[in-house]
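These notes are about the structure you will find just below.
Order of the sequence lines fixes the chain letters, A, B, ..., with proteins taken first and strands second; residue numbering starts at 1 for each chain. No hydrogens, no waters, no symmetry mates; every other heavy atom, side chains included, goes into these values.
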Protein chains: 2
Amino acid sequence: MSFQDPRRQKQLEKLIQKLGLPEQASVKWPLLDLALTHATISPTANYEQLEFIGDSVVRLAASEFLWETYPDWSVGDFSAIRKVLVSDRTLAQLANIYGLERYLLVSGSAAGDTAGQTSRLADAFEAVLGALYLSTHTLELVRPWLDPHFQQLSTEIRQDPARLNYKDALQEWTQAHYKVLPEYRVQETSQIHGDAHRFTAEVWLQGQRWSQGTGHSKKAAEQAAAKDAFLLAIKTQQSSL
Amino acid sequence: MSFQDPRRQKQLEKLIQKLGLPEQASVKWPLLDLALTHATISPTANYEQLEFIGDSVVRLAASEFLWETYPDWSVGDFSAIRKVLVSDRTLAQLANIYGLERYLLVSGSAAGDTAGQTSRLADAFEAVLGALYLSTHTLELVRPWLDPHFQQLSTEIRQDPARLNYKDALQEWTQAHYKVLPEYRVQETSQIHGDAHRFTAEVWLQGQRWSQGTGHSKKAAEQAAAKDAFLLAIKTQQSSL
């Protein structure tokens, strides 16, 4: 399938090249064009629906990558890391690496809106993943260039687990399963500044204490408590005993 | 690939037949076996990791189905309907239709736990989807039998939109974007019993009124207000103006 506007076609081919995909890759060009068209250009023919597909595509790509690469990791770790890999922040970073802004058709007011740029880039990036997936109905045009980024990110996360936001992960879980937010109760348990256990945080859910964690700051203690509670939650759910 | 225990192999082949897949389907049998093995049988070799994959697979299958089948629907409708299609309740129903309980290896205490059965069946069902996806790295072994169920469910939902839980959808959205829950303010605006506009609900978020809806009950009014707020939220996000 080739595209009507030769200049746009050239531009899209350049992007495919940048992604490291072969020239003869079976890309459905009209879909890729749509993925890089903002709603300000057309209220109907824009990236919104492809973004909806792409949101599932990136999730599957990340899941498959983690499963293949780290067969020994717990499902709790998988979930927490996948959350980072598919976050708007990560997707916008990747979009930036490939200079996606340059390929995105946007008009007028939206083009000058720098505040909305991160979410716009993340959305368009998801839409591109949707278009590439729908070109072959496999991840063949997605994983070859996405995997190295996932590899680097997951290595970074392993080296600095504080990048994993267990509070967010726990909140999502309690929302999904109990329709409530976890409650944090924090106390200063040591007066010594710099003490790694200066603060003690507890996670409470439905009137029960789920976990406890300590840290040098309130935030660190909450994250430690959230991690324990989240891993417990995932475990309980999976064994369903 | 064939499986070591001929009786288990026969059993799994029967399931594949029940799903309506051809006998010569390229199923990776050890993966399917794993998908139907509960953690009480083996703490390490069980369905947990495949469920993690399957959760993304069913999401992608539902997204692709909706995109292909209802090209004119809004992304807001897509999101709300996908939420129903991939819910534990739906997945457990489908698992029941295929009598998945009969194929699931569970031991001792868990087997008698009827309360955990719904989530166990939904989890195993997701794991089966994971195993079938990983057998070919496409949705070829998933969509042929899953699509008719999605078709029926989405038709039912269209006929009875009350099945769409916009309160849940809105809550998920505000959580993801603002880390807060939407607030509902409900008033009885008519004393007439049975009046379709007896109650008026408002959705408030961060000190602002987002939407308003009416209904014959508090719950109906809240759902109406949630629907407007959710569609507004999705729209705002997508145009990012």
Quiz prompt | Interface moiety of A/P71 toward chain B, non-hydrogen atoms closer than 4.5 Å | solution = backbone
Quiz item: A/L50, A/D55, A/N46: which one forms the most heavy-atom pairs within less than 4.5 Å of chain B?
Solution: A/D55
Exercise. Rounded to the nearest 0.5 Å, what's the gap from NE2 on A/H137 to CD on B/E140? Could you check?
Key: 10.5 Å
Quiz item: From A/S56 OG over to B/R82 CZ, what is the distance, rounded to the nearest 0.5 angstrom?
Solution: 4.0 Å
Check: residues 73-81 of chain B side-chain donor-acceptor pairs under 3.5 Å, at least two apart:
{"unit_1": "B/S74", "atom_1": "OG", "unit_2": "B/G76", "atom_2": "N", "d": "3.4"}
{"unit_1": "B/S74", "atom_1": "OG", "unit_2": "B/D77", "atom_2": "N", "d": "3.1"}
{"unit_1": "B/S79", "atom_1": "OG", "unit_2": "B/V75", "atom_2": "O", "d": "3.1"}

Quiz prompt | Sequence-distant partners of A/Y98, ring pair (Phe, Tyr, Trp, His ring centres under 6.0 Å), two or more places apart | solution = A/W145, A/H149
Quiz item: Quick one: of A/T138, A/L181, A/L139, A/V57, who has the most non-hydrogen atom pairs under 4.5 Å with chain B?
Solution: A/L181
Practice problem: To the nearest 0.5 Å, tell me how far A/L60 CG sits from B/Y133 OH. | Solution: 4.5 Å
Quiz item: Quick check: does any side chain N or O of B/Q49 sit under 3.5 Å from a backbone N or O of A/W67, one acting as donor and the other as acceptor?
Solution: no
Self-check item: Atom pair OG (B/S63) and CZ (A/R59), whose distance is rounded to the nearest 0.5 Å
Solution: 10.5 Å
